[in-house]
Amino acid sequence: MPLMPVILWTDALVFLLLALGVGFGLYASHHEHLRAPWRRVARSRVGMGALVILVFYVLIGLLDTIHFRLPLTAPLPAAGQPAAERQFAPEVLSLLDAWATPLRKHQEKTYSAPFALTLFVKEAMTQPDGSVIRDYPRLKWGGRHLKDPGQRGWDIAGTALTGLAGGLVVWGLIALPIPWRMARRRGLTLSVMSEQIRAGRTELPWRTALGTLAVMLVLGFIAGELALKYHILGTDKVGEDVFFQALKSIRTGLVIGTLTTLVMLPAAVLLGIMAGYFRGWVDDIIQYLYTTLNAIPGVLLIAAAILMLQVYMANHAEAFESLVQRADLRLLFLCLILGVTSWTGLCRLLRGEALKLREADYVQASVALGVGHFAILGRHILPNVLHIVMITLVLDFSGLVLAEAVLSYVNIGVDPTMNSWGNMINSARLELARDPVVWWSLAAAFLFMFTLVLAANLFADVVRDAFDPRLRGAR
Amino acid sequence: MSAYILRRLLYAIPILIGVNLLTFVLFFVLNSPDEMARMQLGEKRVTPAAISNWKREHGYDQPLLFNESAQGLAKVTQTIFFQRSVRLFAFDFGSSDNGRAIGYDISQRMWPSLAIAVPVLLVGLALNISVALFIVFFRATYLDLGAVVLSVAMMSISGLFYIIGGQFLLSKLFHLVPISGYDTGFEAWKFLILPVIVGVIGGVGSGVRWYRTLFLEEISKDYVRTARAKGLTERRVLFRHVLGNALIPILTGVVVVLPLLFMGSLITESFFGVPGLGSYTIDAISNQDFAIVRAMVFLGAVLYILGLILTDISYTLVDPRVRLQ
């Protein structure tokens, strides 16, 4: 069944970022001054643990980035007529949507608590004998297979055990070859090698990495198995599965956290090293530029820009094919404008570093030999500031993910139709005012966001420590 | 020194002009007043008469940069650019879309903003510094490790959760303080407690970590080793020498944010219903009242530049090695 691939703007940029990342990885693996810090990152237990969690998020985000449209089953062409052009469904789906189809399709009427069998509100129901009572109606999907609500506890435990077993099996498939290969390379027996890993005596912290992997896989499989039968994080106002929403929000968070830095990178790097290298009037102009941009309060600049975008979109509604495209463009625009407000910090750092580097002997020697300015910038200055760029990329990430939530709360963030943790929190505000409290949307957003940001913060710490020679001596 | 300050003040002028031009382009050139009117009036099919009526009512009926129909100097002054942007330099903010004087609103609303921002800053500073000193005193122990882990975890929680959690715990469960609202005069204190607590707690994670790094950097310097070699107790080293010297970066870090305290906190104020400048801005954003947003952008830029100048001055005051020329 042929699909029609759809590449949204942010998809294309995510793929570009991925290509850049791979390219940079290859470049770094040939350069000792870049490889050594990463080795130090790899030797850190905290770093590896956080990295495994981040990889899980990134994989889900990537699954959600490959978009396509399903073909419609076209009616058979009448005899004598050419086959009709293949029609595609207007709905843009991602691989994640397709994979989690049961979650997406299991829509209830309104709120229901996690693992609930009934709706959260009472409804008038007609009994078989004709009388009408007000009670909590059973859910359409959650726990549908259960005849007797009393079995729920056992059913949950059994399903969770299945998930546990599945998770462990997959973990075994991934994890077992590692000690086997390590043992073969070192000429040890498998049992000695696994003993070393268990005791944490390997050079790389395999115990932490494999342990985290086991926890994540087991949790993932348990959640997956249970989510097929229940709404494990409840449903929201219109009955959508909150767990699915939280999963879909991962992409939004990751896109904001990474693309913002990507779009600001060219300007920040170029202007920063030019200001530091050329000094004089070039420096004056660039400094003026970033002081002016910095002087505008960031939130207000974003608000103004998003307001303008809304005016534009309201007046040019016909320019957008679908809601998804519109939301995607707004997301991209948000990244752009967040980049405009945050590139100044990196630019200033790079300017300072370039000021130092231009006095270095090798740069002076190139000048004396008559090498052109831009050749010097590209060959000598740029490679030597790359580590600053990388640290900034990693350090900024968690702040941007948190910023998205705040901006969406003020309605100047991502499109209200887009799944994001900010939108979930925003709607949770009204839900908390209900009695009894609807807490699960907020809890889900908290859980997913906290895990991602904590892992990112810990990883960023390790990366910074590894790259910053000043701190290395202090420890 | 005074020459330096004068020069810095003069340097502020091109920056403010830049900010002004940027907002002008953003608000009037990218979207013409016609489109703004159509958006405000909200309907798909708006008559041209309604648009020009709206523009006249709100003073957007002049040309953008150059008025052909006027005489003499009025060719330049009878324009949107002059009326709306140049006037900001005289702190003449004009009136908002619902006809209120923005300057008056700002002067009224900055007090509630300050009533939250100043206690948050002072209490937060005191708390962060004392906790950081405490864990530096116990550095390289499990206490230190635990505190660092806790502060990283606290940093990883969005500020929104602190506000929602604080409101839920203190107001809804224990009924200690009102959830939101404001009162005039001294009666306001009970509305201020919760925002201040939430503001302080929300900043503890990053604050403690930041000050801990500062102190650790300071503690590895030579004068500290000398002080220890003289036989001073660790407590005396920390409180007299390390704290004293670390105050320089702390102070300058605080000075730069001082003027911006006037702007208030957007999120806190709107959550707690405090009628400060933060909620003023938020309301303006959601009502799409561009006049207020423009005024606040300009005010923010002025305050930011003021903060930069104050920082430079405070450097010379606390660190005699720094000379401004």
Side-chain angles (χ1 to χ4, degrees), chain A residues 46 288-289 291-301 303-312 314-317 398-399 401-406 409-412 421-422 425-426 428-429 432-433 435 437 439 442 445-446 449-458 461 470-471 473-475, chain B residues 11-12 14-19 21-23 26-27 30-31 34-36 38-39 42 44 148-149 152-153 155-161 164-165 167-168 172 179 213 216-217 219-220 260 263 266-267 270-271 281-282 284-286 288 290 293-294 296-305 308:
Chain A
V46 179
Y288 168 74
L289 200 67
T291 319
T292 306
L293 275 178
N294 241 1
I296 303 177
V299 183
L300 286 179
L301 187 64
I306 292 284
L307 280 183
M308 287 306 128
L309 184 76
Q310 275 174 348
V311 174
Y312 178 81
N315 291 328
H316 298 82
S398 52
V401 174
L402 291 178
E404 184 273 323
V406 171
Y409 168 74
V410 199
N411 284 330
I412 51 175
W421 292 314
I425 298 171
N426 198 358
R429 205 185 164 200
L432 279 184
D435 199 35
V437 175
W439 49 268
L442 189 71
F446 176 81
M449 216 166 135
F450 178 68
T451 317
L452 175 63
V453 176
L454 183 64
N457 271 336
L458 291 173
D461 270 8
R470 210 160 42 102
L471 283 172
R475 295 281 150 95
Chain B
Y11 182 60
I15 293 179
L16 286 179
I17 293 178
V19 168
L21 278 178
L22 198 73
T23 40
L26 209 57
F27 281 101
L30 291 186
N31 285 283
D34 279 27
E35 285 175 331
M36 240 154 59
R38 209 168 295 146
M39 175 99 178
K44 275 271 169 200
V148 171
V149 169
V152 174
M155 268 169 67
S156 308
I157 298 174
S158 167
L160 295 173
F161 289 111
I164 295 175
Q167 278 186 334
F168 190 74
K172 207 167 172 197
I179 285 190
T213 331
L216 281 183
E217 215 163 277
I219 225 166
S220 58
L260 286 173
M263 302 286 286
L266 298 181
I267 305 299
S270 81
F271 253 104
T281 317
I282 292 267
I285 291 172
S286 49
Q288 313 199 325
F290 300 119
V293 176
R294 259 192 334 264
M296 294 306 288
V297 166
F298 186 76
L299 192 66
V302 171
L303 292 172
Y304 173 80
I305 293 167
L308 288 186

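Quick note on labels: first sequence line is chain A, next is B, and so on, each numbered from 1. This one's a predicted model, so the numbers in the text were calculated from it and none came from an experiment.
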| query | Does the side chain of I296(A) come within less than 4.5 Å of L22(B)'s, by heavy atoms? | reply | yes
| field | Note, I425(A) side chain near I164(B) side chain (heavy atom, < 4.5 Å) | value | yes
| query | Which bit of T281(B) is near chain A, if near means a heavy-atom gap under 4.5 Å: side chain, backbone, both or neither? | reply | side chain
| query | Can you name the residues that form a side-chain hydrogen bond (donor to acceptor under 3.5 Å, both in side chains) with S398(A), not counting sequence neighbours? | reply | N457(A)
| field | Ring centers of Y409(A), F271(B) separated by less than 6.0 Å | value | yes
| Pair L266(B)-V406(A), side chain to side chain contact (heavy atoms under 4.5 Å, CB included): steps then yes or no | CA-CA 10 Å; L266(B) 298 181; V406(A) 171; over 6 Å; no
| message | Just verifying a value: how many Å separate I282(B) CD1 and N411(A) CG, rounded to the nearest 0.5 Å? | response | 9.0 Å
| Roughly how far, to the nearest 0.5 Å, is the CG atom of L300(A) from the OG1 atom of T23(B)? | 11.0 Å
| request: Might you work through the side chain to side chain contact (heavy atoms under 4.5 Å, CB included) test for T291(A) and L308(B), ending with a clear yes or no? | output: CA-CA 10 Å; T291(A) 319; L308(B) 288 186; 4.3 Å; yes
| note | Here the pair of heavy atoms bringing A405(A) nearest to S158(B) is CB-OG, 4.3 Å
| message | How close do P297(A) and V297(B) get, counting heavy atoms only, and between which atoms? | response | CD-O, 3.9 Å
| Interface residue of largest heavy-atom contact number with chain A, from S270(B), G159(B), S156(B), A153(B), under 4.5 Å | S156(B)
| task | Without swapping roles, check the side chain of Y288(A) against the backbone of P14(B) for a donor-acceptor pair under 3.5 Å. | result | yes
